[in-house]
There are 4 protein chains.
Amino acid sequence: MAAKLEGIFTPTLVPLDDRGRINEPELRRFFSWLIEKGVHGLYPNGSTGEFTRLTAEERRLIARVACEEAKGRVPVLAGAAEANVRETLAACETYFEFGARAVAIVSPFYYRLSSESLYAYFAEIARESPIDVTLYNIPMFATPIEVPIIRRLAEFPRIIGIKDSSGDLAFMMRMIAAVRPSRPDFSFMTGWEAVLAPMLMVGCDGGTNASSNVVPEVTRTIYELTKAGRFDEAMRWQYRILELFDAMLFPFEFPDGFRAAAELRGFRFGRGRQPMTAAQQQDRTALEGVLRCILSDFGLVAPPATGCAPRTGLPAEDKIAQIVFGVMRELEERGVVWPKP
Amino acid sequence: MAAKLEGIFTPTLVPLDDRGRINEPELRRFFSWLIEKGVHGLYPNGSTGEFTRLTAEERRLIARVACEEAKGRVPVLAGAAEANVRETLAACETYFEFGARAVAIVSPFYYRLSSESLYAYFAEIARESPIDVTLYNIPMFATPIEVPIIRRLAEFPRIIGIKDSSGDLAFMMRMIAAVRPSRPDFSFMTGWEAVLAPMLMVGCDGGTNASSNVVPEVTRTIYELTKAGRFDEAMRWQYRILELFDAMLFPFEFPDGFRAAAELRGFRFGRGRQPMTAAQQQDRTALEGVLRCILSDFGLVAPPATGCAPRTGLPAEDKIAQIVFGVMRELEERGVVWPKP
Amino acid sequence: MAAKLEGIFTPTLVPLDDRGRINEPELRRFFSWLIEKGVHGLYPNGSTGEFTRLTAEERRLIARVACEEAKGRVPVLAGAAEANVRETLAACETYFEFGARAVAIVSPFYYRLSSESLYAYFAEIARESPIDVTLYNIPMFATPIEVPIIRRLAEFPRIIGIKDSSGDLAFMMRMIAAVRPSRPDFSFMTGWEAVLAPMLMVGCDGGTNASSNVVPEVTRTIYELTKAGRFDEAMRWQYRILELFDAMLFPFEFPDGFRAAAELRGFRFGRGRQPMTAAQQQDRTALEGVLRCILSDFGLVAPPATGCAPRTGLPAEDKIAQIVFGVMRELEERGVVWPKP
Amino acid sequence: MAAKLEGIFTPTLVPLDDRGRINEPELRRFFSWLIEKGVHGLYPNGSTGEFTRLTAEERRLIARVACEEAKGRVPVLAGAAEANVRETLAACETYFEFGARAVAIVSPFYYRLSSESLYAYFAEIARESPIDVTLYNIPMFATPIEVPIIRRLAEFPRIIGIKDSSGDLAFMMRMIAAVRPSRPDFSFMTGWEAVLAPMLMVGCDGGTNASSNVVPEVTRTIYELTKAGRFDEAMRWQYRILELFDAMLFPFEFPDGFRAAAELRGFRFGRGRQPMTAAQQQDRTALEGVLRCILSDFGLVAPPATGCAPRTGLPAEDKIAQIVFGVMRELEERGVVWPKP
């Protein structure tokens with residue numbers, strides 16, 4: 001029997017080249033770096049990986065590269081949702097052949113389905129898939145999967161876990177209470193690192209966290225401290241990752257803030273596939289200043305040349321503060337204004 | 001300059017064969033029937049056409065068939081949204097070559113975008129597309145497009161209209177007030193036939209209505225009566241189509257109720273791509289009874305053998321009533337019970 | 001049998017004095033003016049009347065004054081919802097003694113109730129009230145009342161109508177289709193004047209419209225033109241009142257924009273009970289300029305001394321435009337800048 | 001300087017007599033019992049206390065009784081929101097004279113206010129109140145209070161804490177990160193006991209939990225275990241209280257499930273003020289069976305005579321199971337059916 005999914009799986013970002021195509025060499029370099037930095041698994045074709053903005057062929061390419069780079073080092077959980085059940089099952093077969101550990105199937109989106117239809121959908125996949133399946137619940141983007149349906153679906157041995165991105169701790173506890181007694185091997189992963197440590201404390205098995213693209217060292221630390229029962233230390237890191245997460249999540253279109261931050265770690269992600277106006281590009285530059293400051297506090301990148309303003313943890317306010325701070329420092333250097341004595 | 005989009009465009013359903021593939025002969029027969037019954041245009045690859053459950057190749061096939069069948073008879077508005085701007089523009093070029101009149105681009109979904117990003121997205125398409133573009137606003141499934149953004153986008157000559165499926169009359173009036181003065185050629189189409197006649201009364205140019213797959217005669221009648229200023233007559237038909245629309249929309253997963261009703265007009269649509277449980281299949285059979293009754297009141301199909309129960313217009317209650325009614329009639333025929341004297 | 005409720009009932013604003021108390025003389029003058037300007041009824045203690053910001057004693061005072069001023073001229077529909085059924089029934093009795101035509105009972109708010117509980121609540125009031133009752137559905141603030149429940153409640157002779165502020169035309173049509181066949185005396189009133197004319201076109205009996213505090217002449221005109229079948233003329237007024245409604249509704253806290261506009265008609269409403277920051281007070285002053293421009297186009301007030309900027313109908317943009325316009329005109333007058341030749 | 005608010009404050013239920021009036025003797029007996037069972041404070045006139053269904057006089061009576069019973073034993077936090085700022089300040093003065101430790105002011109409801117208006121509202125109260133104030137954020141019922149506004153309001157020394165009933169752990173962490181550095185005395189209380197232990201783990205100071213009306217021993221145990229760093233033990237209790245909370249919260253109208261459970265502890269709460277249909281009363285009886293089973297597992301009440309069915313933690317399913325179980329046991333006793341061997 002295969003090992004239970006545990007630990008931090010990175011829902012991997014996708015580097016693009018100048019012509020907007022997948023930058024495969026950079027993708028390989030990035031995957032390899034993540035594994036070296038200690039993530040427990042790769043999770044290509046998730047929401048962070050912008051699977052809806054890729055073609056079916058591109059999704060296959062990314063899953064294949066993930067399996068090749070991970071081989072023998074970490075397991076791969078590959079997002080396999082396609083346009084319909086038949087196409088999804090075809091992807092399941094392909095990823096099985098690539099050597100993925102399991103696939104993740106997001107709840108149907110665009111149309112909102114009834115619970116009964118959700119059950120019918122996942123049940124058909126569970127019956128036919130040659131590879132283990134994890135459910136993927138992300139109520140802000142796709143049809144929510146309720147606990148009674150999860151309980152019924154956990155009767156399929158092929159379904160081995162759920163990734164939940166609701167960030168709702170009570171929901172996680174309800175799932176665990178409903179499923180774990182009969183399925184101790186069932187894996188519960190949280191996609192909401194804002195509350196990663198508390199989720200692990202209530203019994204969650206790990207996380208699939210976008211932030212692990214940027215600070216894989218930190219998400220691993222939180223995982224290990226919590227598993228070791230060192231909750232107070234874990235919570236100190238948790239507050240720090242919350243600030244970073246909020247700064248990456250709120251001011252940009254998702255996942256562009258995560259792309260901007262991961263670039264500061266030394267990778268070229270290129271322009272995203274969602275166009276930006278000139279105003280948005282300026283805004284992104286401004287926010288990079290804040291991200292650089294946060295990451296430099298972690299000791300992972302150098303601070304901006306102009307230094308860092310004090311922060312509040314409120315992304316909009318911190319962005320303004322950092323812009324003003326940078327401008328003032330430049331004016332001081334040019335002798336236009338003088339620093340406070 | 002090309003003619004303004006006006007009238008009823010059918011967001012066409014997709015017939016499938018026994019193996020779940022597109023049934024091209026039936027698709028051609030259906031498109032041709034719609035045109036003969038008087039629809040003003042075909043609109044393949046909309047939400048009713050389950051574009052998200054098709055592969056990119058299937059969407060192309062359907063658009064091509066629509067253009068071939070429509071040729072010289074009615075214009076085609078083809079849904080062209082693909083995974084990203086580049087893929088979408090490729091579809092625009094293809095549909096342009098097929099001879100489509102224009103494309104419809106749904107607002108990005110799954111991720112919810114800011115207004116600024118919506119603008120950037122549609123602006124890039126407007127700049128590059130070789131074919132006229134209509135915006136497609138469907139807030140229940142995709143990122144809502146607000147009036148100020150529509151107003152800015154209407155500055156692109158390539159953008160020639162909007163299809164709005166919100167059903168919100170005030171929103172429609174706000175769009176018309178904001179755009180029509182500077183763009184009298186801009187077309188406003190409603191996708192919510194529950195209020196088709198009122199929408200036309202406030203100045204809307206037409207509709208893209210799922211019900212026109214089922215009763216193309218009726219949607220055309222409402223359009224013509226309203227355009228002729230015969231509002232009272234139009235409203236009587238409007239109340240009747242509301243009952244039909246609700247019966248098709250609410251009890252099933254969309255668009256399965258429309259598929260079930262269109263089958264009663266003599267087409268084979270096959271099983272949909274969203275799996276159903278046994279309970280759902282029974283429920284669908286029960287609802288077909290109500291749909292048959294409503295359509296027989298229009299004089300378009302024969303009533304059920306067991307006759308029709310009185311209806312209230314409330315879908316859930318009417319379904320139960322019709323089931324009970326059918327059972328009672330059968331028991332009467334078998335002499336088990338006697339009819340009320 | 002009492003007459004069916006029809007026409008435009010004003011959900012009356014409440015003038016306050018310098019100490020924040022109800023300004024009774026101004027309240028009487030205002031009520032009398034509304035009746036003279038042609039409203040068909042008074043509707044005190046509605047949402048526009050800020051019933052939740054009044055004490056129980058103040059609500060009684062306002063209802064009494066409405067009945068006294070209306071006496072022999074127009075009917076009064078008095079908002080009678082209190083903290084619980086017993087208190088509500090006590091208000092019903094009091095308003096019955098005051099001579100009100102009927103009471104309006106808003107759906108319970110704060111807690112969101114199930115449909116079954118809504119039924120139990122209104123049924124108990126319907127059984128005990130000495131005065132006719134109208135339901136009040138306002139889903140943006142209170143528990144929504146669904147059509148099947150309205151249908152069941154319409155079996156109580158004491159319940160004679162519904163005021164609906166959803167603005168949803170299909171919902172209005174569904175209510176009418178479900179209730180009117182068995183209750184032709186049941187009155188359907190819309191609280192959403194953004195779509196007043198279309199609502200009347202589909203069969204609605206009238207409106208309870210906050211805008212009738214400001215332009216009672218216009219809401220009456222729309223009502224009469226529509227009832228006379230002069231839909232095209234009605235729609236022209238409808239587009240104009242939509243602009244006014246949006247300008248009063250969106251930029252301020254409700255109902256402060258309506259208070260600001262009603263003041264331009266010659267009444268002192270005083271500072272509202274919801275405190276404002278200094279920034280909000282400045283903003284209110286800026287918006288009064290736009291309101292004055294819109295009302296001067298109706299010929300009901302004088303335009304601002306500095307004249308009016310062109311408008312788009314988009315409240316936020318029009319406010320900025322009017323501020324800039326006013327400043328430029330002042331600078332021109334002072335000779336600082338010159339007008340465009 | 002007064003002590004920081006800490007520990008479990010009970011948002012007290014209100015017992016009614018046969019005529020629907022407040023049952024003052026039972027209220028006193030109940031308050032006294034809660035204090036004896038170890039709650040750290042009383043919180044009358046919260047949502048659990050149905051403050052919106054009481055008259056202003058009744059709210060004063062309850063606050064007075066709470067202060068009298070608590071005197072010298074535990075602090076009282078009294079809900080003081082009234083119809084407007086002036087009435088609210090009058091209640092603040094009264095409760096100050098009663099000897100309350102602080103008041104809780106719920107965010108304005110019915111109308112949804114802008115953040116700027118929320119600030120203006122609470123700022124005016126903070127400036128004028130003679131008694132310490134806690135904010136009360138309950139986004140499911142009232143206007144949400146966002147973190148930047150909380151941060152600005154925390155500059156008023158009079159505002160000493162916030163009760164948050166969102167159940168959102170990340171939101172709690174964001175508040176703590178934004179306010180605690182400058183206001184270490186500011187108290188953060190959670191109103192969502194579904195996640196009480198995790199909330200305490202991330203730094204929350206206590207809870208105002210409806211469940212403490214029913215199992216004050218258990219909420220205290222969770223508080224003390226967590227404060228002592230015995231997280232694993234706390235989490236075991238946490239899972240048990242989650243089951244109880246869900247069983248009380250979801251199947252009934254709030255707070256009737258809590259009233260039903262508290263009755264099992266030996267108090268007469270009487271019929272609530274929200275009417276019930278006959279079907280609802282039957283349902284309540286059925287659910288009492290489940291509540292009795294859960295509470296008997298805690299060792300706090302005797303199990304039902306017919307015994308307890310196995311439970312899943314899913315309230316709807318457990319209710320059905322318990323009904324079936326009870327019926328089967330009765331049939332067995334009557335010899336109609338035989339137990340499984």
Side-chain angles (χ1 to χ4, degrees), chain A residues 16 19-21 47-48 50-59 81-88 90 106 108-125 127-128 138 140-143 152 250-256 272-281 283, chain B residues 16 19-21 47-48 50-59 81-88 90 106 108-125 127-128 138 140-143 152 250-256 272-281 283:
Chain A
L16 301 174
R19 296 172 55 190
R21 295 168 311 191
S47 299
T48 312
E50 297 177 86
F51 72 101
T52 64
R53 291 176 179 147
L54 305 174
T55 65
E57 292 70 36
E58 288 174 327
R59 284 189 286 270
E82 295 289 337
N84 52 58
V85 169
R86 195 171 52 178
E87 299 294 324
T88 296
V106 71
F109 51 92
Y110 195 72
Y111 309 102
R112 298 275 144 157
L113 299 185
S114 67
S115 283
E116 193 70 10
S117 290
L118 274 189
Y119 177 80
Y121 175 80
F122 283 116
E124 187 158 328
I125 291 170
R127 280 187 211 102
E128 304 293 336
I138 183 163
M140 82 183 110
F141 294 151
T143 311
R152 283 173 64 194
F250 292 115
F252 295 114
E253 296 294 348
F254 182 79
D256 203 49
R273 289 195 164 175
Q274 164 57 38
M276 282 192 279
T277 62
Q280 287 178 308
Q281 280 164 23
D283 199 45
Chain B
L16 301 175
R19 295 173 54 191
R21 296 168 310 191
S47 300
T48 312
E50 297 177 85
F51 74 101
T52 62
R53 291 176 180 148
L54 305 174
T55 65
E57 293 69 37
E58 289 174 326
R59 285 189 286 270
E82 296 288 340
N84 53 57
V85 169
R86 193 171 56 177
E87 299 295 323
T88 296
V106 70
F109 51 92
Y110 195 73
Y111 309 102
R112 298 277 144 155
L113 299 185
S114 69
S115 284
E116 194 69 10
S117 290
L118 274 189
Y119 178 80
Y121 175 81
F122 283 116
E124 185 158 328
I125 292 169
R127 279 186 211 103
E128 304 294 336
I138 183 163
M140 82 183 108
F141 294 150
T143 310
R152 283 172 66 193
F250 292 115
F252 296 112
E253 297 293 347
F254 183 80
D256 202 50
R273 289 194 165 175
Q274 164 58 37
M276 282 192 278
T277 62
Q280 287 177 309
Q281 281 164 24
D283 198 47

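To find a chain, count down the sequence lines: A is the first, B the second, and so on, and within it residues start at 1.
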Heavy-atom proximity to chain A below 4.5 Å, by part of [X]:
| X | result |
| --- | --- |
| B:F51 | both |
| B:E50 | both |
| B:R19 | backbone |
| B:E253 | side chain |
| B:A56 | neither |

Least distance between heavy atoms, [X] atom then [Y] atom:
| X | Y | value |
| --- | --- | --- |
| B:P275 | A:A120 | O-CB, 3.5 Å |
| B:F141 | A:R112 | CE2-N, 4.0 Å |
| B:S117 | A:Q280 | OG-NE2, 2.7 Å |

Practice task
Indicate the ring-plane relationship of B:Y111 and A:F254, choosing parallel, tilted or perpendicular according to the 30° and 60° boundaries.
Solution key: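 Rings of B:Y111 and A:F254: tilted, as their planes differ by 30° to 60°.
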Handout entry: Heavy-atom donor-acceptor pair, B:E87 side chain to A:T55 backbone, under 3.5 Å
Key =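 Flag not set: sc B:E87 to bb A:T55 has no pair under 3.5 Å.
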Practice task
Identify which part of A:L113 has an atom lying under 4.5 Å from any heavy atom of chain B, answering side chain, backbone, both or neither.
Solution key: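 Interface part for A:L113: both.
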Problem - Contact origin within A:A279 toward chain B - heavy atom pairs under 4.5 Å - result: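 When you check distances to chain B, only side chain atoms of A:A279 fall under 4.5 Å.
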Problem - For chain A, the option from B:S47, B:P255, B:G20 that forms the most heavy-atom pairs under 4.5 Å - result: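 Most heavy-atom pairs under 4.5 Å with chain A: B:S47.
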Practice task
Would you mind reporting whether A:R21 and B:R86 have side-chain heavy atoms less than 4.5 Å apart?
Solution key: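 The answer is yes; the side chains approach within 4.5 Å.
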Exercise for the section: Among the options A:R273, A:E124, A:E116, pick out the one with the most heavy-atom pairs lying under 4.5 Å from chain B. Expected result: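 It is A:E116.
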Handout entry: Gap between atom OH of B:Y119 and atom CE of A:M276 - 0.5 Å precision
Key =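 Rounded to the nearest 0.5 Å, the CE-OH separation comes to 16.0 Å.
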